[in-house]
Amino acid sequence: DMAWSFFPAPRLYMVLDNGRMVVLTYNEEQQMVAWTWWQTDGLFKQVAVLRAATSSTEDAIYAVVERTIGSDTVRYLERLHSRVFSTVKDCFFVDSGLSLDSPVTITGVTAANPVVVTAASHGFSNGDEVDLSDIEWVPTTDAHFVETQPNQLNGGRYKAANVAANTFELNTLAGVAVDGTAHNAYVKGGYAREAVLSVGGLAHLAGETVVVLADGAVISNLVVSSVGVLTLPRKASRLHIGLRYVSDIETLDVEVSSSFVKTIQGARKQLSSVTLRFFKSVGFLHGPDENSLHQAKQREFELLGTPIELLTGDKKVHLDPTWNTNGRVFIRQVNPLPITLLAAIPTLTVGE
């Protein structure tokens, strides 16, 4: 089977009779014709591209996938997820997956003791644990008139108390009222999400081992129950659950030419380090080949207990100092996290 999409990039999707999908990315302006192949825990059978509306910014790619779930052979209609995201908590990189993300819109937060949050028909009960995010406060301005958002309630988890239909108070997880009298005033926006310990609705993956991105953190080797319920080792409010897949990138043979040396093809080479330029990427293995991989160390300024932030920029990594004739760089992603590689800039020594 075969289908063509135009947005966000021109791509041709082709289903092969061996159950793989091969994808051609074609960009005439950049003179790019590039193939990759996809393999899943099952077999691709058909593919189709639909446009949801004339205003849509992305085509919708659907595939019929044959999977073995338990002892049953099933066929699922699955849609390729968008790669548009702004935070690691919203990244969706699993196969046959579903998400739990039920934000409740906040319309007010008091600077009082205790803090009172207004959110119409929020549905929370006393003792529910809620995560707060994206609240906009009156900014703090320094001596150079640089405005920053104060670190107040965003990113925190609290217990709901004295719940009413449209309001609730905030307690710490230990049950102490949160004092907001020293906070900057609320301006607008914000979301509250209930943190849960189990989630249902996963009957299509009953009995399967899945990987979870829970509030931006990876949890592996969890098994969905026979009735489609997954129990987590800790509570989370934003979940993306599905089958793991592994993504590989391998650069081509490195080449250098000058007035003295026309080519280094065939010469032995050593890459001691490489600068990788990323866009919104996190968590990857690197090495000269797939048998010599190391985990990249990305955590720098994030607070302990918070997920590693998406990296847009350069990351210098060191490779095993081995000699070979290709000078390639191998990158692997084993977690449900994004990798967009813009450039690989090697530090190269040429022998012979």
Side-chain angles (χ1 to χ4, degrees), residues 8 81-94 97 99-103 106 129-137 139-140 142 146-158 173 184 187 189-193 195 211-220 232-242 244-249 273-287 293-318 329 331-345:
H81 201 280
S82 171
R83 285 184 64 94
V84 178
F85 48 83
S86 58
T87 173
V88 68
K89 295 181 180 181
D90 292 331
C91 295
F92 187 102
F93 290 90
V94 292
S99 296
L100 174 68
D101 186 9
S102 304
I106 294 172
E129 296 182 14
V130 294
D131 294 337
L132 303 185
S133 67
D134 303 305
I135 302 172
E136 185 175 332
W137 311 97
T140 299
D142 64 16
V146 176
E147 292 187 353
T148 58
Q149 277 289 305
N151 183 20
Q152 295 183 167
L153 301 175
N154 284 331
R157 177 169 295 174
Y158 307 92
L173 297 183
N184 288 14
V187 175
Y191 299 101
R193 294 174 171 87
V211 63
V212 180
L213 190 69
D215 294 335
V218 178
I219 306 176
S220 301
L232 304 171
R234 57 183 181 272
K235 288 186 176 183
S237 60
R238 267 186 273 191
L239 299 167
H240 309 291
I241 305 165
R244 183 195 299 273
Y245 62 86
V246 175
S247 300
D248 289 336
I249 302 172
S273 65
V274 61
T275 298
L276 302 172
R277 183 163 296 161
F278 290 111
F279 176 75
K280 289 185 177 180
S281 303
V282 61
F284 61 93
L285 303 170
H286 60 83
L293 297 176
H294 299 282
Q295 181 70 51
K297 296 178 176 62
Q298 277 189 258
R299 182 175 291 276
E300 293 185 2
F301 306 110
E302 298 89 346
L303 296 175
L304 188 65
T306 62
I308 299 174
E309 296 295 331
L310 299 171
L311 171 64
T312 295
D314 293 350
K315 180 71 175 179
K316 186 174 183 178
V317 297
H318 296 278
V329 177
I331 299 169
R332 172 166 288 172
Q333 177 62 279
V334 300
N335 292 315
L337 294 166
I339 285 285
T340 300
L341 180 66
L342 304 180
I345 308 160

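Residues Arg83 and Phe93 are in side-chain contact: their nearest non-hydrogen atoms beyond the backbone lie under 4.5 Å apart. Contact annotation: the side chain of Ile106 approaches that of Leu132 to within less than 4.5 Å [non-hydrogen atoms, C-beta and beyond]. For the pair Pro103 and Asp101, the minimum side-chain heavy-atom distance is below 4.5 Å.
Side chain of Glu136 to backbone of Gly190: no donor-acceptor contact under 3.5 angstrom is found. Using a distance-only test at 3.5 Å, with no hydrogens or angles considered, no donor-acceptor pair links the side chain of Ser133 to the main chain of Asn154. A donor-acceptor pair under 3.5 Å links the side-chain atoms of Lys280 to the main chain of Phe85, judged by distance alone. No donor-acceptor pair closer than 3.5 Å links the side chain of Glu129 to the backbone N or O of Leu173. Asp134 contributes no side-chain N or O that, together with a main-chain N or O of Tyr191, makes up a donor-acceptor pair within less than 3.5 Å. No donor-acceptor pair under 3.5 Å is formed between the side chain of Glu147 and the backbone N or O of Asp142.
For Val218 against Ser220, the heavy-atom pair with the smallest separation is CG1-OG, 3.9 Å. Nearest heavy atoms, Glu309 versus Val282: O-CG2, 4.0 Å. Nearest heavy-atom pair, Leu276 versus Ala344, reported as atom, atom and distance to 0.1 Å: CD2-CB, 3.9 Å. For the residue pair Pro307 and Gly216, the shortest heavy atom distance occurs at CB-O, 3.6 Å.
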Step-by-step salt bridge (Lys or Arg N to Asp or Glu O under 4.0 Å) determination, Asp215 to Lys235
CA-CA 9 Å; Asp215 294 335; Lys235 288 186 176 183; over 6 Å; no
Taking it one step at a time, do Val317 and His294 satisfy side chain to side chain contact (heavy atoms under 4.5 Å, CB included)?
CA-CA 10 Å; Val317 297; His294 299 282; over 6 Å; no
Evaluate Val211 against Val94 for side chain to side chain contact (heavy atoms under 4.5 Å, CB included), listing each step before the verdict.
CA-CA 8 Å; Val211 63; Val94 292; 3.8 Å; yes
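With rounding to the nearest 0.5 angstrom, the OG1 atom of Thr87 is 6.5 Å from the CG atom of Leu310. Between the NZ atom of Lys316 and the CZ atom of Arg277 there is a distance of 13.5 Å, given to the nearest 0.5 Å. Taken to the nearest 0.5 Å, the CZ atom of Phe279 stands 13.0 Å off from the CG atom of Leu341. One distance of note links OG of Ser281 with CG of Leu311; it measures 6.5 Å at 0.5 Å rounding. Here Ile308 contributes atom CD1 and Leu337 contributes atom CG; the two are 8.5 Å apart, rounded to the nearest 0.5 Å. The CD1 atom of Ile241 sits 10.0 Å away from the CG atom of Leu213 when rounded to the nearest 0.5 Å.
Atom CG of Asn184 has more than 12 heavy atoms from other residues, nucleotides or ligands within 6.0 Å. Within 6.0 Å of the CZ atom in Arg157, the count of heavy atoms belonging to other residues, nucleotides or ligands exceeds 12.
Qualifying ring pair (Phe, Tyr, Trp, His ring centres under 6.0 Å) partners for His81, counting only residues two or more places apart in sequence or in other chains: Phe92. The salt bridge (Lys or Arg N to Asp or Glu O under 4.0 Å) test applied to Asp90 returns Arg238, not counting sequence neighbours. Contacts of Phe284 classified as ring pair (Phe, Tyr, Trp, His ring centres under 6.0 Å), with partners at least two apart in sequence or in another chain: Phe278.
Between Val334 and the choices Leu293, Asp248, Val246, the side chain to side chain contact (heavy atoms under 4.5 Å, CB included) rule is met once, by Val246.
Ser102 and Arg193 share no side-chain donor-acceptor pair at under 3.5 Å. Side chain to side chain, Arg332 and Ser247 fail the donor-acceptor criterion of an N or O pair below 3.5 Å. Ser99 and His240 share a donor-acceptor pair across their side chains, judged by distance under 3.5 Å alone.
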